[in-house]
Amino acid sequence: MRQCDSSPTSARHMSRYEPSVIEPKWQNEWETKKPFKTPTDLAELKKKPKYYVLDMFPYPSGAGLHVGHPEGYTATDVVARLKRQQGFNVLHPMGWDAFGLPAERAAVRDGIHPAVITKRNVDNFRRQIKRLGFSYDWDREVDTSAADYYRWTQWIFLKLYEKGLAYMAEVPVNWGPALGTVLANEEVKDGKYVETGDPVERRLMKQWMLKITAYGDRLLEDLDGLDWPEGIKEMQRNWIGKSEGAEVTFQVQGTNESFVVFTTRPDTLFGATYCTLAPEHALVAKITTPAQKAAVDAYVAEAKNKSELVRKEEAKKKTGVFTGAHAINPATGKPVPVWIADYVLASYGTGAIMAVPAHDVRDHEFAKTFGLPIIEVVQGGKDVQAEAFVEEGVAVNSGQLDGLKTLEAKKKMTAWLEEKGLGKKRVQYQLRDWLFSRQRYWGEPFPIIHLEDGSIATVPESQLPVELPHVDEYKPTADGRPPLARAGDAWLGVTLPDGRKGVREVNTMPQWAGSCWYYLRYLDAKNGTQAWNPEIEKYWMPVDLYVGGVEHAVLHLLYARFWHKVLFDCGLVSTKEPFQKLFNQGMILAHSYQLPMQKYHELKDIDDRGEEGAFLKSTGERVFKQIEKMSKSRFNVVNPDDVINDYGADTLRLYELFMGPLEQVKPWEMKNVEGCLRFLERVWRLCVDEESGQPNQKLVEAGPESEPELNKALHRCLQAVERDTLAMRFNTAISHMMTFTNEAMKTKTLPKAIARTFITVLAPYAPHLAEELWSRLGGEGLVSIAPWPKFDASLVVDDTVTYAVQVLGKLRTEIQAPINATEAEVRAMAEADPKMKPWLEGKTVKKFVFVPKRLVNFVVG
RNA sequence: GCACGAGUGGCGAAACUGGUAGACGCAGCGGACUUAAAAUCCGCAGACCCUUCGGUGGGUCAUAUGGGUUCGAGUCCCAUCUCGUGCACCA
């Protein structure tokens with residue numbers, strides 16, 4: 001840790017680099033002069049090109065920030081500052097995803113209103129974030145739990161409802177009888193509530209659903225035009241899970257009953273030797289023969305009770321029971337047995353499959369287990385009795401399909417099925433409709449009224465918001481209705497203008513709702529009459545750069561895209577996609593110290609002797625040192641407040657980015673933070689004489705050409721920083737600034753023009769230090785909005801370059817050659833080099849490789 | 001099991017479309033300044049071997065492992081191992 005000379009009498013003290021003095025000073029200056037305030041006037045805006053840089057806004061938890069949060073925020077801030085200096089109107093806002101479960105739990109526990117808890121947390125988050133000196137336009141701050149925000153969330157819900165995309169359905173939810181409430185999936189493990197161990201059951205409840213499946217195709221197709229990491233796009237594609245195939249109807253032998261299966265391989269219908277229904281399938285009870293009833297009932301009951309864990313463990317072995325019934329294979333006309341098995345999922349497809357053991361791994365295992373026939377219908381594999389052949393091939397044993405390749409066989413069979421009325425083409429998605437209601441207090445109320453006659457009325461737009469009512473407690477009611485049911489009749493009861501009476505919806509929306517459109521509210525955050533002004537929306541959208549954690553790869557990004565497309569269809573936004581470029585930062589890990597018995601210890605209790613190992617100070621016991629995700633329970637959370645107290649915000653910002661590539665997972669090393677501080681101190685000393693506090697005597701009023709070599713280094717630095725920053729390679733951008741500083745240390749004089757230009761370049765990364773030096777060096781106004789310097793292309797190239805001279809690909813010597821030397825000239829120089837003599841003497845050069853400005857290679861015989 | 005990503009000095013990492021591997025920083029070592037230390041400044045630094053009075057000169061091996069393509073591979077291809085992340089019988 002840094003040793004500070006705190007003696008007030010020391011002259012040095014007053015003139016050394018003191019982040020704790022200059023950082024609040026400049027933050028104050030920015031706060032009052034508002035250089036980062038983005039114009040709201042459209043005419044004003046249109047004078048400049050736009051750039052919208054967005055951070056995924058945080059959920060303000062009670063724990064406060066850890067150093068992982070500001071990693072992405074620092075990256076976007078550097079880009080925002082650079083773009084601003086380059087003359088763009090930059091939109092760079094911050095806000096709070098403020099509804100959510102933790103605040104509600106705390107409210108139930110302590111009897112405090114969740115709004116109070118949330119405000120406390122937001123205030124703390126804002127304070128911590130402000131200490132890093134980010135250039136947010138704080139006048140656009142949004143809070144999803146504020147009534148003037150969720151008013152518009154409700155308004156968008158009405159749009160969804162009007163388009164028929166919101167509907168109510170009976171769906172299974174996690175019901176905790178002991179708590180009288182519905183639980184989130186994350187609160188349930190092994191069929192028990194994680195906190196108390198009370199059992200949780202699946203129960204059907206009437207819930208609001210959003211028809212995201214109606215947008216499945218567009219959500220899939222429009223991924224192609226986005227500048228997103230390929231991995232994230234792939235995860236979304238898998239999540240949507242589009243597969244094309246056919247539905248086939250099977251008649252149950254000797255009855256009027258039939259069932260429909262979904263298959264992606266209609267070409268293998270001739271090989272379907274049995275069918276399998278999910279245990280939950282409605283037909284199971286009807287077709288089971290009396291002889292099999294006991295066994296089937298037992299299996300169904302067991303499957304119902306099987307916990308997730310048990311099913312995972314048993315995933316390898318196939319279980320199932322014969323129903324006693326047979327179905328007719330429509331292709332062969334022959335009866336095949338109908339089984340039930342829990343490897344068939346009720347929730348996917350039709351809950352029934354035709355089993356083709358020869359060409360499906362799972363069906364093959366099942367057939368082997370129960371001795372069912374395996375018939376090859378696609379040629380190309382090995383022995384299908386031993387192993388399923390799942391690839392494409394040529395149809396055999398398939399009547400009219402014989403000899404066709406898989407693709408044609410699929411088409412022909414589908415056409416045949418359609419012609420005979422036995423089936424049809426079908427596209428199946430894994431994507432399900434979105435369960436959109438929660439039985440919670442701390443969320444957006446639905447603008448919905450349930451009328452006495454059972455119909456649904458919406459609250460008119462003019463009467464929004466439907467505000468959260470006051471309730472005596474934030475728990476469900478005694479009879480298990482959501483907390484909003486505790487609100488009095490004054491809130492619950494509604495009489496429409498036409499005299500009809502009804503009751504308000506008591507469910508609330510999920511946390512995702514607010515985050516689905518916050519990027520639009522930032523555009524026009526103060527608008528009291530519209531969610532946003534359409535002209536302003538046209539100017540700013542789409543988001544040019546969106547940075548956040550990979551954990552939101554699927555849900556948040558898919559839900560937001562869905563809403564955006566609906567808004568697009570309503571003519572309310574001008575782009576079909578909200579986020580043009582997406583970048584995921586990697587997680588920051590930290591060392592943790594753990595005794596063999598799993599107990600974690602804080603760093604302050606540890607004696608870390610490096611290679612020797614780490615030991616517990618109190619007992620001398622050896623502890624394991626490991627690198628893990630930061631978490632409270634591992635005692636390895638690094639708080640940015642502490643880092644700022646010890647090193648300053650500029651050092652923290654720099655280290656966040658210098659650690660390594662932004663997208664990579666990497667460990668926090670306190671030791672390396674010091675290196676960043678040292679760099680900033682060097683920059684300080686370059687400009688300020690620590691003895692006197694006056695500008696360093698090295699600084700001269702001369703022009704940049706008085707130190708030509710340094711000027712070249714400056715322009716090289718300029719070029720590299722601009723290029724690397726815009727490519728989001730911040731770590732190398734910083735290293736180039738370090739290299740320039742090292743050069744500047746060596747020269748006799750430092751022309752002020754050079755120093756000022758360098759400070760302008762440093763400004764996006766270490767803005768407080770840059771402002772202070774800028775003002776001390778007589779810069780005009782704030783460096784944060786000073787124009788970005790242009791590098792001189794003629795200065796970044798040397799007149800001579802170093803050529804590597806290789807023989808058979810191995811480096812033998814180096815030579816200097818003029819930048820535009822010809823191949824023949826360079827070859828002659830290389831051959832003339834005395835060091836080359838032993839390598840070339842008596843050899844014939846079979847080939848000569850010349851790579852301009854880089855190397856030559858003699859291929860000798 | 002499947003999908004995706006990643007393996008480079010003691011450590012975090014650089015290396016543009018195949019072209020001098022290890023920039024920059026941390027830790028380390030030597031020197032200067034100092035009564036001394038810290039800080040600072042200057043310098044050294046992949047491993048091994050030969051050579052030299054020497055801080056000289058030179059060579060070999062090195063980017064997880066084994067092959068391949070190429071004048072030339074950290075980078076491209078094949079196989080294997082390890083780690084991380086996501087998904088979990090999706091018909």
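- Going from the C1' atom of B:C26 to that of B:A14 covers 15 Å, rounded to whole Å.
- Between the CG atom of A:D724 and the P atom of B:A23 there is a distance of 17 Å, given to the nearest Å.
- If you check B:A23, B:C90, B:C89 against the side chain of A:S735, the one that comes closest is B:A23.
- Checking the phosphate oxygens (OP1, OP2) of B:A14, a side-chain nitrogen or oxygen of A:N731 falls inside 4.0 Å.
- Residues A:G675 and A:N238 each lie close to RNA chain B; by heavy-atom proximity, the contact nearer the 5' end of the strand is made by A:N238.
- For A:K666, taking side-chain heavy atoms from C-beta onward, the closest of the listed nucleotides B:C71, B:A13, B:A27 is B:A13.
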Close N/O contacts between protein and nucleotides 40-47 of chain B (under 3.5 Å):
unit_1: B:U40; atom_1: O3'; unit_2: A:R685; atom_2: NH2; d: 3.2
unit_1: B:C41; atom_1: OP1; unit_2: A:R682; atom_2: NE; d: 3.2
unit_1: B:C41; atom_1: OP1; unit_2: A:R685; atom_2: NH2; d: 3.4

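- Aromatic pair A:F858/A:W839: centroids not less than 6.0 angstrom apart.
- Separating the C1' atom of B:A45 from that of B:G31 is a span of 15 Å, rounded to the nearest Å.
- If you take CZ of A:F740 and P of B:G25, they are 14 Å apart, rounded to a whole angstrom.
- The number of heavy atoms from other shown groups lying within 6.0 Å of NZ (A:K425) does not exceed 12.
- In this structure, A:D360 reaches neither bases nor backbone, as no heavy-atom distance under 4.0 Å exists between it and the strands shown.
- Taking atom C1' on both nucleotides, B:G67 is separated from B:G84 by 27 Å, rounded to a whole Å.
- Atom CD of A:Q816 and atom C1' of B:U20 are 12 Å apart (whole Å).
- One can place OH of A:Y655 at 10 Å from P of B:G12, the figure rounded to the nearest angstrom.
- Counting only Watson-Crick and G-U wobble pairs whose two distances sit under 3.5 Å, RNA chain B takes part in these stems of three or more pairs: B:1-7 with B:81-87, B:10-12 with B:24-26, B:28-32 with B:40-44, B:46-50 with B:57-61, B:64-68 with B:76-80.
- The ring-ring contact (aromatic ring centres under 6.0 Å, His included) pairs that include a residue from residues 349-369 of chain A are A:Y274-A:F366, A:W339-A:F366, A:Y343-A:F366, A:F366-A:F370, where partners are two or more places apart or lie in different chains.
- Looking only at distances, no side-chain donor or acceptor of A:N731 sits under 3.5 Å from a matching main-chain atom of A:L657.
- Place A:G660 and A:V859 on RNA chain B by their nearest nucleotides, and A:G660 ends up nearer the 5' end.
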Nucleotide N/O of nucleotides 60-63 of chain B paired with protein N/O under 3.5 Å:
unit_1: B:U60; atom_1: OP2; unit_2: A:R812; atom_2: NH1; d: 3.2
unit_1: B:C61; atom_1: OP2; unit_2: A:K810; atom_2: NZ; d: 3.0

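- You'll find the ring centres of A:W228 and A:F583 outside the 6.0 Å limit.
- Annotated as syn: B:G9, whose glycosidic dihedral is within 90° of 0.
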Table of protein N/O atoms under 3.5 Å from nucleotides 4-9 of chain B N/O atoms:
none

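- Considering only residues two or more places apart in sequence or on other chains, A:S692 meets the side-chain hydrogen bond (donor to acceptor under 3.5 Å, both in side chains) condition with A:D689.
- Of the P atoms belonging to B:U20 and B:U63, the separation is 16 Å, rounded to the nearest Å.
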